[in-house]
Protein chains: 2
Amino acid sequence: MVDSLEQKTQGNHVRTQAELADAVGLSQVTVQRALANHPSVRDATRRRVEEAVRKYGYRPNAAARMMRTRKSKQIGVMFRNALDRPLTNLSAFEVLLGVNQELEKAGYLVNVVRIADVDAEATDAIEARVFREQLLDGIIAVGQFPESIVEKVEDLLPHVVWVESQVWRPRNCIRRDEVYHGHLVTNKLIEAGFKRLVWVGRVREKSHHFSEDDRYLGVCQAAHEHGLAVEHFDLPVDLHGEPIDIKTLEKFVTPGTGLITYDSVRAREISFLSHVIGRRIGADIGMVSCENTYIDATSWPGLSCVHADRFEMGVEAAKLIGAAMSDEDAPCVSKLIRGEWRAGYTCGALSVDGEGGASCIPPNCGLLSS
Amino acid sequence: MVDSLEQKTQGNHVRTQAELADAVGLSQVTVQRALANHPSVRDATRRRVEEAVRKYGYRPNAAARMMRTRKSKQIGVMFRNALDRPLTNLSAFEVLLGVNQELEKAGYLVNVVRIADVDAEATDAIEARVFREQLLDGIIAVGQFPESIVEKVEDLLPHVVWVESQVWRPRNCIRRDEVYHGHLVTNKLIEAGFKRLVWVGRVREKSHHFSEDDRYLGVCQAAHEHGLAVEHFDLPVDLHGEPIDIKTLEKFVTPGTGLITYDSVRAREISFLSHVIGRRIGADIGMVSCENTYIDATSWPGLSCVHADRFEMGVEAAKLIGAAMSDEDAPCVSKLIRGEWRAGYTCGALSVDGEGGASCIPPNCGLLSS
DNA sequence: TTGTAGGCGTTATCAA
DNA sequence: TTGATAACGCCTACAA
């Protein structure tokens, strides 16, 4: 008897509450209650247990608790990651970090649910283990998904929150207010004096993201309110895209024009290509972006844009699902998130005499000091 | 009796093997063996079971299996994410995707382990649930960590693989061959005819990443082999950095100079700032980057650089830890990964007469078509 | 305030 | 080839 007890306490680590109980001379149940901060446990007893936990390095077995409580305390963050869609990755990652930050407070772990689908049906994408088994308490889906996946996910998981997705309902959804963003940046261009407005992005194409429609809509609304028209063209945004026609570029990236880019990738390319054709953005050519990434905000503070923090969106999504999981009757009202305007210097006031063109970067923009 | 059975089969879903067994008139154990592809189960029986699985939507309970097998089939991907270190995030994410792709084949799930430490000790960073509890079968640590965390992680988890970390041992580590990369890009500049070499990055500062030393070392080696010297300066790489001195820029970003940037962030800034001071990279000024990201490879194919695929590093890390988990005696030899040279057009051949400066972007570089 | 008994759903070891 | 039985570690009634 004594031997076996000593053996257990000799090994410097202890794996179960029962072993811990042996070590301190209590029953397993008392140990359990001490660890759960049950009020019925005497303070002295609790301290004995806590000390033993440290001494023997006891760590609770997550599997056992999961089984007993029928809750895994794990939620998934789901996103698509065909390798030709890297931008999806980035925004999803920022969301993921926000989700993680918020949910870890409540003791939740985050699992990565990568949907590497190619075709729209992607019937086997859903065959990943998280879906085949009972494991996750809920899932946060970031981006767009085929309807077949939407249905299946909602069927298999008790709680689902949709972020930046085509799924948009009164409850359990998070989106940016894209129409507002398009409207906002366009107004800024107009305020700066630009009368010729050009949308740089896709217009009415198939299989695109809803934000393309919404931002363009906001742009057109703002222009319409000022009696202005909106022209448009687009750039290739990946390695496999067509090269941009230089004449198109010269036609649109021209003094007096205000460019509204769909995203910061296009803004980057415009900035780069405009130098190639000998034009400079920031004074007689204006440019605003409807969106940027955290990386862009860091490495290119000069971009005039709306900054909608995806980390923050992750936090909001986590709050929604957290509320749903801790209270079945939580309202979980969907949320539209409005980003904030970042002035930057690519949307400077239009200098009518064209003087600005020579030195379009303000000396105090933060990039340079003399 | 019959009633209760019918009740169970009426509800269109079944939660346990026992319920499934009831539904098909077998014992729970036989169902279990059929699902595990045990050879002792008759084919007809197996088919009955498989059909019932589909019919009743049975999904195994991960917690129960975890408890019984003492394996969670979950591994963590750990990285630091203080909010002022976004670049760490990006590379970690690419690694994470690779890890996920490789490990999901073997049925492993990936958990996010974000270390949001501020100070070097970060004693409570380790207090996240993954460390407090017994859950993960192993962890893949991406980036650098304080020694206190290194020790604790290795103490708490049976399998640890270090990726791009200061931890470098004969086993269980993955790194890029940074010295080789520095050497490689420098040779390319020298081949192109540049004789004045300038390193853009940190040199011998505290609390930096080992790759800074290694790349710089490779650069200096290559230069030394050709009897050349290496000058250096650095740029601010985040919002809180000091603004770059414009005289410094004019001193180094000048015809005949070959710039070697530590990473693509610096390359981007150089590219941008060089336009501001009226210089252009690509002909009489050369620039090569020791590193780029997947995003950069996509959106800036023109950058002359070494491309070391972090996704691939994730795959390699996953293979290491996968081998260790399936076979305790696996060698798990550490691996140095060499990236491939991407020619781009920022390291064009030096034109001695200075002609190249006017139109340094080759017309067929893929960005433009006339 | 503490202890005893039973079960969560799976897997492993028996026996049939 | 199949079935009964006993763990795995934790949590909740109920009893002391």
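Quick caveat: nothing in here was measured; it's all calculated off a predicted structure.
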To the nearest Å, how far apart are [X] [atom1] and [N] [atom2]?
X: Arg59(A); N: dC10(D); atom1: CZ; atom2: P; value: 12 Å
X: His38(B); N: dT10(C); atom1: NE2; atom2: P; value: 17 Å
X: Asp22(A); N: dC10(D); atom1: CG; atom2: C1'; value: 16 Å
X: Asn37(B); N: dT1(D); atom1: CG; atom2: P; value: 14 Å
X: Lys71(A); N: dC10(D); atom1: NZ; atom2: P; value: 19 Å
X: Glu19(B); N: dC8(C); atom1: CD; atom2: C1'; value: 12 Å
X: Arg46(A); N: dT1(C); atom1: CZ; atom2: P; value: 10 Å
X: Met67(B); N: dA12(C); atom1: CE; atom2: C1'; value: 14 Å

[options]: which one has an atom nearest the side-chain heavy atoms of [X]?
X: Val29(A); options: dT4(C), dC11(D), dT10(C); answer: dT4(C)
X: Leu26(A); options: dC10(D), dT1(C), dG3(C); answer: dG3(C)
X: Arg33(A); options: dG3(D), dT1(C), dA13(D); answer: dA13(D)
X: Gln28(A); options: dT2(C), dT5(D), dC10(D); answer: dC10(D)

OP1 or OP2 of [N] sitting under 4.0 Å from any side-chain N/O of [X]?
X: Ser40(B); N: dT1(D); result: no
X: Thr69(B); N: dT11(C); result: no
X: Ser27(B); N: dG3(D); result: yes
X: Gln17(A); N: dC11(D); result: yes

Judged by each residue's nearest nucleotide on DNA chain D, which is more toward the 5′ side, Gln134(B) or Val41(B)? Val41(B)

With nearest nucleotides of DNA chain D determined for Pro39(B) and Ala64(B) from heavy-atom distances, which residue corresponds to the more 5′ nucleotide?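 So the residue in question is Pro39(B).
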
Charged N to carboxylate O under 4.0 angstrom, Glu316(A) versus Lys335(A)? yes

Give a yes or no on whether a donor-acceptor pair under 3.5 Å exists between the nucleobase atoms of dA7(D), that is its base, and the side chain of Arg68(B). yes

Rounded to the nearest 0.5 Å, how far apart are [atom1] of [X] and [atom2] of [Y]?
X: Lys319(A); Y: Leu103(A); atom1: NZ; atom2: CG; answer: 11.0 Å
X: Leu135(B); Y: Ile75(B); atom1: CG; atom2: CD1; answer: 11.5 Å
X: Met313(A); Y: Ile337(A); atom1: CE; atom2: CD1; answer: 5.0 Å

In terms of the angle between their ring planes, are Phe79(B) and Phe93(A) parallel, tilted or perpendicular, with boundaries placed at 30° and 60°? tilted

When we call it a touch if two heavy atoms are under 4.0 Å apart, what does Arg70(A) touch: a base, just sugar-phosphate, or nothing?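 Here Arg70(A) touches the backbone only, sparing every base.
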
